[in-house]
Amino acid sequence: MNVLNILKVAMRSLGRNKLRSFLTMLGIIIGVGAVIAMMAVGEGAQYNIQQQIASLGTNVLLVFPGSINQGGIRIGLGSRTSLTPGDLEAIQTQCPSVAAATAQVRTGAQIVFGEQNWGTSVLGANPSYFTIRSWPLSLGQYFTDADVRGATKVCVLGQTVVDNLFQGGNPVGATIRIKKMPFKVVGVLEPKGQSAQGSDQDDIIIAPYTTVQKKLMGVTFLGIIMVSAVSDQAMVDAQNQITELLRVRHKIQPWEDNDFTVRSQTEIANTAQATTQVLTILLASIASISLLVGGIGIMNIMLVSVTERTREIGIRMSIGARSRDILYQFLIEAVVLSMAGGALGVLIGIASSDIISALANWPTLVSPVSVGLAFLFAAAVGIFFGFYPARKAAILNPIDALRYE
Amino acid sequence: MSEQMSNLISVQHLIKVYQMGDVEVHALRGVSLEIFRGEFVAIMGASGSGKSTFMNIIGCLDVPTKGEYILDDIDVSRLDRDALAKIRNEKIGFVFQGFNLLPRTSALENVELPMFYNNVSSKARREKAMEALRVVGLEERWNHMPNQLSGGQQQRVAVARALVNNPSIILADEPTGNLDSRTSVEVMEIFQQLNHQGITIVLVTHEADIAQYAKRNVVFKDGRIKRDFAVEKRRTASEQLATMPAFADEDEEVIELNMTPEAKEQKERMR
Ligand SMILES: Nc1ncnc2c1ncn2[C@@H]1O[C@H](COP(=O)(O)OP(=O)(O)O)[C@@H](O)[C@H]1O
Ligand SMILES: [Mg+2]
């Protein structure tokens, strides 16, 4: 019997028991759907991190106070206050592979302009921050190195802040109040839109870091130093140069650990990616259990079907069906069930990952690989769980099958 | 004629023992028989005498416990499952008492079924199946499901299925067991016609008048052959049918005997 004919016979006998066939498929539909949705959640998170690397630039290094252990977990970050303005200056001037460096200190603040009120985050930085992040202006100017030295009360606004405080007016030259202190607005940044994590990057005010430290926070240490290397290839050199320089500056003895950490964006992202990968695998394995349960459902129904159709098997054998003809007939029935379930499951999976991303505001990504994998897995489940019942039918004795009541 | 008289089936000392737990059932206790090409054999005997067991073995549906079986010069006792399936497909056509058609499958598709297992093209399959239905006089019912056909019609579909692959032999185990007398003779008419065209037929029956349509009778008793003889006054089914009036006219008087007075009165009024 050729494949096409076997397929026809299989479709017909499944069509005869539509409800039963559908309920049997349901296990596979839910299983495949769950695998795809869970993988979409995990892969969405990974895609997110990759986007983050791309948006931050591949030549960016971050210097944190405190040390990071081998597992990548930061210990005591923020509680150490080891980085100083002198370190920043030294990195900028003494490391040949460093192109630019900026401090980063961050605080939240209430902003007032006239009647308007807006809560946002204030970032203290050097003018090189705008170069490193390649962030152009739409109006006015950046603040200058002189502003940093003099801790001048000037600032540059993100578009969201402008929208909320000025309602269309030109803010350049205006004076706003940050924590009740007057700041002069010198420029407006071009909108960057949402970050990869979905936060609004334009909801920000950037001022000289010295001003933020002294006037807004009352501290002298730096939060993070952000550095750009002269090229992607110079990343390792830059990292080594900074490490050596800071060890000398901080008078760290050879047997002592660093009191700072230099990490590239890529390294940080890779750590996060490894974590989400584990998450993806975990989610997918839990979902595949339901696929397995679906497979057992197929096996159960196929066993019932073989018993019910024992006489049919006997008739087919009496007119010349060989064992393998019977085997294929039932096997293909099981595979058709699982593949049809797999196809519907793919649709359900794609739909539910869209729903998840809409409801939970979590980015999801349905990759062709995950669809292909889930589908193949479903077919394999059909073959695996269909084989036993099909074999049971194929090895029946013709005369016993014919006499079966 | 010499071709017609050559040996088609030859069994020697056939023994079949069924093991039922501790009990051994001796269904065949040493059966030896030769059947020639073109023969029409009726196998008779009491219930439980081993007729069906014998048929299943010569039909390659079952294997003997002991003994030799040669079909068409092939030593069947040495073949494996797949080879037996091939022989059933190409050389043997079965007709059973219970028709054994696939339910919810049209007459045509039922007749096509054997050809699915020897890779006949779908066009040739359809043509040959229609031709077989024409032989049994059911070409107009080709798209009817078994449950839309009478018992006699279902059995004729089964006969069409048995002959569609041009078998060397048709084996029929009590084919008229579930049929009334007239449809029984109709089925025998088809068998006689096929036999006339050269197909060998072996038929099991316990009705002596049905056995009279065959050329040779073999009588089984307790798993052995008790008698084997040529039929003396052979009946011709087509002649018999001509003398058999249709049911309604024939039995009018008999039915009247069964009627209550009220029913008779009602019948009078309807005239
Ligand atoms: N599958 C079987 N298992 C056990 N005993 C069987 C089986 N088939 C037939 N028999 C026994 O073998 C004997 C012959 O049966 P069978 O060939 O069917 O007789 P017949 O067809 O002449 O009525 C009977 O005694 C019957 O009970
Ligand atoms: Mg019998």
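Below, chain A is the first sequence line, B the second, and so on; all start at residue 1. The shown structure was predicted, so the numbers you read here are calculated from the model rather than taken from an experiment. All heavy atoms count here, side chains included; hydrogens, waters and symmetry mates do not.
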- Item | Residues B/S77, B/E68; criterion side-chain hydrogen bond (donor to acceptor under 3.5 Å, both in side chains); working and verdict | CA-CA 6 Å; B/S77 16; B/E68 193 178 69; over 6 Å; no

- Task: Kindly state whether the ring of A/F377 and the ring of A/F375 have centres lying under 6.0 angstrom apart.
- Result: no

- Task: Among B/D62, B/L102, B/N165, B/N118, single out the residue with the greatest number of heavy-atom pairs under 4.5 Å to chain A.
- Result: B/L102

- Task: Among B/K86, B/E109, B/M115, single out the residue with the greatest number of heavy-atom pairs under 4.5 Å to chain A.
- Result: B/E109

- Message: What verdict does the side-chain hydrogen bond (donor to acceptor under 3.5 Å, both in side chains) test give for A/Q277 and A/T280, after you've listed the backbone C-alpha separation in whole Å, the side-chain angles of each residue and the deciding distance to 0.1 Å?
- Response: CA-CA 5 Å; A/Q277 207 140 26; A/T280 308; over 6 Å; no

Tell me, out of [options], who's got the most heavy-atom pairs with chain B below 4.5 Å.
options	result
A/I319, A/I6, A/N397	A/I319
A/R322, A/R311, A/E312, A/R324	A/R322
A/D325, A/V9, A/N5, A/L402	A/N5

- Could you tell me which portion of A/I399 (side chain, backbone, both or neither) has an atom closer than 4.5 angstrom to a non-hydrogen atom of chain B? both

Check whether the side chains of [X] and [Y] place a donor and an acceptor atom closer than 3.5 Å, and report yes or no.
X	Y	result
B/S52	B/D173	yes
B/E186	B/T183	no
B/R81	A/S323	yes

Proximity breakdown for [X] and chain A, heavy-atom pairs closer than 4.5 Å:
X	answer
B/L101	backbone
B/F94	side chain
B/P103	backbone
B/T105	both
B/R161	side chain
B/D82	both
B/N56	side chain

- Query: Does a side-chain N-to-carboxylate-O contact under 4.0 Å join B/E131 and B/R125?
  - Reply: no

- Query: Any salt bridge between B/D72 and B/K91, counting N to O under 4.0 Å?
  - Reply: yes

- Task: Decide side-chain contact (heavy atoms from CB on, under 4.5 Å) for B/L203 and B/V41; before the verdict, give the C-alpha distance in whole Å, the side-chain angles of both, and the deciding distance to 0.1 Å.
- Result: CA-CA 6 Å; B/L203 160 123; B/V41 182; over 6 Å; no

